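Below: the structure, in structure tokens.
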Amino acid sequence: MAVRPPWKRLGQHFLIDGATIDAILAAVGESRVVVEIGPGRGALTRRLAAQAQHLYAIEKDASLAASLQREFVGEPSVSIKCADALREDLTAYPNGLRVVGNLPYNVATALLQQWMGARTHLTDLTVMVQREVAQRLVAPPGDPARGQLSVVVQLLMEVAVLLDVEPGCFDPPPQVMSSVVRLVPRRELPMPEGAWQDFARLAQQAFASRRKTLRNNFPKLPAAVWTATGIDPGRRAETLSGDEFVRLFRTSSRAC
């Protein structure tokens, strides 16, 4: 059967490197329930199916989904679904699931942000992203790559970059380096579970204009808040630690 060329509009870059696939499988290990995002031609899917009690694979490309459905038709432990991952509710799957996948670069950040809302339903995420996104996920205070995504994800998850992946490991090769990252939900948060979305909005405002100071990004915040937090409003958002962001959130919530 002829293999259809990848579609640029879907950001398709299929993982073909065996060593990278081995590394992802080693990180995931034997699992009860796995959701694979973007199985594509199935190189990782076939291996995941052998070590998961049940594998759900979500593929947006109808032709690729149909091909995988034909391949796994006799395996009840593998479910192939043609759907857009951005519209998929992970809480609809069994609790404790593990998410794996080579995420389309054009929607990877949006997917990660969306999945934060399902974090208590997850065991972990082991996903491929553009290396630039991986660097943002782990960026410490003071790093130019640090932004709202860094602050929020680090608050909710333990994040680690497992390995970098060369363009030649994909068909077709992307024009950027990639990284495999692992995210594990934190068991305890420094705020109520339902407050993190408000926290995310505060972090977003802090980085609204990266070159501006906190004072300029929060023009209506009373001076007493800065005094109470001990944070100099002349600083820029990327210099704040996670603890300082939490302190700012708690204090500003009480003041407003």
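Just so you know, these numbers come straight off a predicted model, no measurement behind them.
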Assess, by modelled atom type and distance only, whether the side chains of Arg131 and Ser179 contain a donor and an acceptor separated by less than 3.5 Å. no
Between Asp89 and Thr91: side-chain donor-acceptor atoms closer than 3.5 Å: yes
Hey, is the main chain of Ala118 close enough, under 3.5 Å, to the side chain of Thr120 for a donor-acceptor pair?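 No, because the side chain of Thr120 does not come within donor-acceptor range (under 3.5 Å) of the backbone of Ala118.
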Between the main-chain N or O of Arg235 and the side-chain N or O of Thr239, is there a donor-acceptor pair closer than 3.5 Å?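 Not at all, since once roles are kept as given, no pair shorter than 3.5 Å links the two residues.
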Can you say whether the rings of Phe170 and His13 are parallel (under 30°), tilted (30 to 60°) or perpendicular (over 60°)?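 Perpendicular, since the angle between the ring planes exceeds 60°.
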Check this for me: does any side-chain nitrogen of one of Glu71 and Arg46 sit under 4.0 Å from a carboxylate oxygen of the other?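 Salt bridge: yes.
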Tell me whether Arg98 is salt-bridged to Glu36, with the criterion being a basic N under 4.0 Å from an acidic carboxylate O.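 Between Glu36 and Arg98 there is no salt bridge, as every charged N stays at least 4.0 Å from the carboxylate O atoms.
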Do Tyr93 and Tyr56 have ring centroids that are under 6.0 Å from one another? yes
Contacts table for residues 139-148: side-chain donor-acceptor under 3.5 angstrom, sequence neighbours left out:
| from | atom 1 | to | atom 2 | distance (Å) |
| --- | --- | --- | --- | --- |
| Asp143 | OD1 | Ala145 | N | 2.8 |
| Arg146 | NE | Leu240 | O | 3.3 |
| Arg146 | NH1 | Ala139 | O | 2.8 |
| Arg146 | NH1 | Gln154 | OE1 | 3.2 |
| Arg146 | NH2 | Leu240 | O | 3.2 |
| Gln148 | NE2 | Ala200 | O | 3.1 |

Shortest non-hydrogen contact from [X] toward [Y]:
X      : Y      : answer
Met191 : Leu155 : CE-CD2, 3.9 Å
Glu238 : Phe207 : N-CE2, 3.6 Å
Lys60  : Cys82  : O-SG, 3.8 Å
Gly96  : Thr123 : O-OG1, 2.6 Å

Report the residues that fulfil salt bridge (charged side-chain N to carboxylate O under 4.0 Å, His left out) with Asp198, sequence neighbours left out, ordered by chain and then residue number.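 Salt bridge (charged side-chain N to carboxylate O under 4.0 Å, His left out) check on Asp198 returns Arg201.
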